[in-house]
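In what follows, a single structure is set out as structure tokens and then discussed.
Quick note: numbers below take in every heavy atom, side chains included, and nothing from hydrogens, waters or symmetry partners.
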Amino acid sequence: MNPIVIIGSGLAGFNTVKEFRKLDKETPVVVLTADDGRNYSKPMLSTGFTKEKTADELAMATPEQVAEQFNVTVRTGVHVAGIDTDKQRVLLPDDHLDYSSLVLALGADTWTPPLEGDAVGEVFSVNDLMDYGRFRQALEGKREVTILGGGLIGCEFANDLSNGGFQVSLVEPMGRCLPMLLPEPASAAVGRGLEDLGVRFHFGPLAKAVHHGKDNPDKLVTELSDGTHLESDVVLAAIGLRPRIGIAKDAGLKTNRGILTDQSLRTSADNVYALGDCAEVQGHVLPYVLPLMASARALAKTLAGEPTPVSYGVMPVTIKTPACPVVVCPVPEELEGDWETEEEGNTVKALFRDRDGNLRGYALTGDAVKEKMKLNKELPALMP
Amino acid sequence: MKKWECVVCGFIYDEEEGLPEEGIEPGTKWDDIPDDWVCPDCGVGKEDFEMVEI
């Protein structure tokens, strides 16, 4: 029998392996990864400086250890060339691999807007453990970091790098922290918390270019659309994530923002499934661990012969900014309603109610994060 | 009393504090938490927690 083939060794790929092996110890499984195949947790990449952890210390297991522990084959450094869904075959550069079922756990790419300048090639993004290792190395002996983007990753890194002793400047064109996730008073609280740590914000302008310093070529100068020049040792882009859909699209699978799946994580091709950051499950693109874990458990059952739809309950997102803790349960897109906000210092409790007065989302900062569980009980499940 | 950290997201379970909102009383030992309990922040199971030294 052909193996189950999983493409991707991030949390989605390896947790599918782990959950599947709880149910089926025998069926051959092959994991293909373009990375080095070490098992790590991506959320931990944004607290590494606070915890003083190198990339090696964040790696929980080598690919050999994963292979042994779960009785699977892990092939590292493999770039998949294509998928032939009719023949149920993954095309590799010099080879191919036939599958009984295929799991796409491809993750997401960081997205950086077009920048000019002679130092664009030195702008970092941290999207996996290998990136993190290179980023840490580049920061050795350095002091100043410019972060482009004040969303979840940008704010987490601003907090973490400040804790690690770096001077952080953060550029966010939308004018406040976490603009896509939080209502204004909550954004302001996070901004104050990070400012107290020493983060310098540049709200409003866009980054236009990154050059080498004129006097000191070791320095980088980030040029903003308002004419400001920010000098730093390292520039980190944390603008956004885009689901990786390329190989799925090329193989003729239906895609939109992500790879389209039904509630059982089935794509438009027979015996091909998708989960995690690359998937769009019944319209939901949720690049967070909570939905990913629910998906891995359901998919493991399906692969083990018991077709199982995934349920998404309430899906709160915890943002690791200890300078001002944040928990947010995002409001469904295009839902009409109003925020009710209570505020005291950096403690903000913002509740979003729809036109019928039902709670549909919240944003909590500071001490208000303690109310998360109570509020979760009032919220409807995202995808029952 | 010990603390346990989720290796996936960093959530800390503190035995001293428990998780009263989830019905886990303060002082509840890690071993006494049900095996099907999952991390409130990221949804991984008990096996993905490690004891942390304080």
**Item:** Contacting region of B:Glu22 [heavy-atom separation from chain A under 4.5 Å]
**Value:** both
**Heavy-atom proximity to chain A below 4.5 Å, by part of B:Glu5** = side chain
Please check if the number of heavy atoms outside [X] that lie under 6.0 Å from its [atom1] is greater than 12.
X	atom1	result
B:Glu16	CD	no
B:Lys29	NZ	no
A:Lys320	NZ	yes
A:Lys370	NZ	no
A:Lys53	NZ	no

**Fill in**
The reported gap from SG in B:Cys39 to CE in A:Met293 (rounded to nearest 0.5 angstrom) is 10.0 Å
**Prompt:** When rounded to the nearest 0.5 angstrom, what is the spacing between CE in A:Met60 and CG in B:Asp48?
**Reply:** 7.0 Å
Side chain, backbone, both or neither: which part of [X] has a non-hydrogen atom closer than 4.5 Å to chain B?
X	value
A:Lys42	neither
A:Leu11	side chain
A:Thr318	side chain

**Request:** Count the heavy-atom pairs under 4.5 Å between each of B:Gly43, B:Gly10, B:Cys42 and chain A, then report the option with the highest count.
**Result:** B:Cys42
**Request:** Provide the closest heavy-atom pair for B:Pro40 versus A:Met373 in the form atom of the first, atom of the second, distance.
**Result:** CB-CE, 3.7 Å
**Item:** Atom of A:Ser41, atom of B:Cys9 and distance for their closest heavy-atom approach
**Value:** OG-N, 4.4 Å
**Message:** Counting C-beta onward and ignoring hydrogens, is there a side-chain heavy-atom pair between B:Val38 and A:Arg297 closer than 4.5 Å?
**Reply:** yes
**Pair B:Asp41 + A:Lys372: basic N to acidic O under 4.0 Å** = yes
**Prompt:** Going through the distances and angles, do B:Glu21 and A:Glu371 end up as a side-chain contact (heavy atoms from CB on, under 4.5 Å)?
**Reply:** CA-CA 9 Å; B:Glu21 303 92 334; A:Glu371 300 196 41; over 6 Å; no
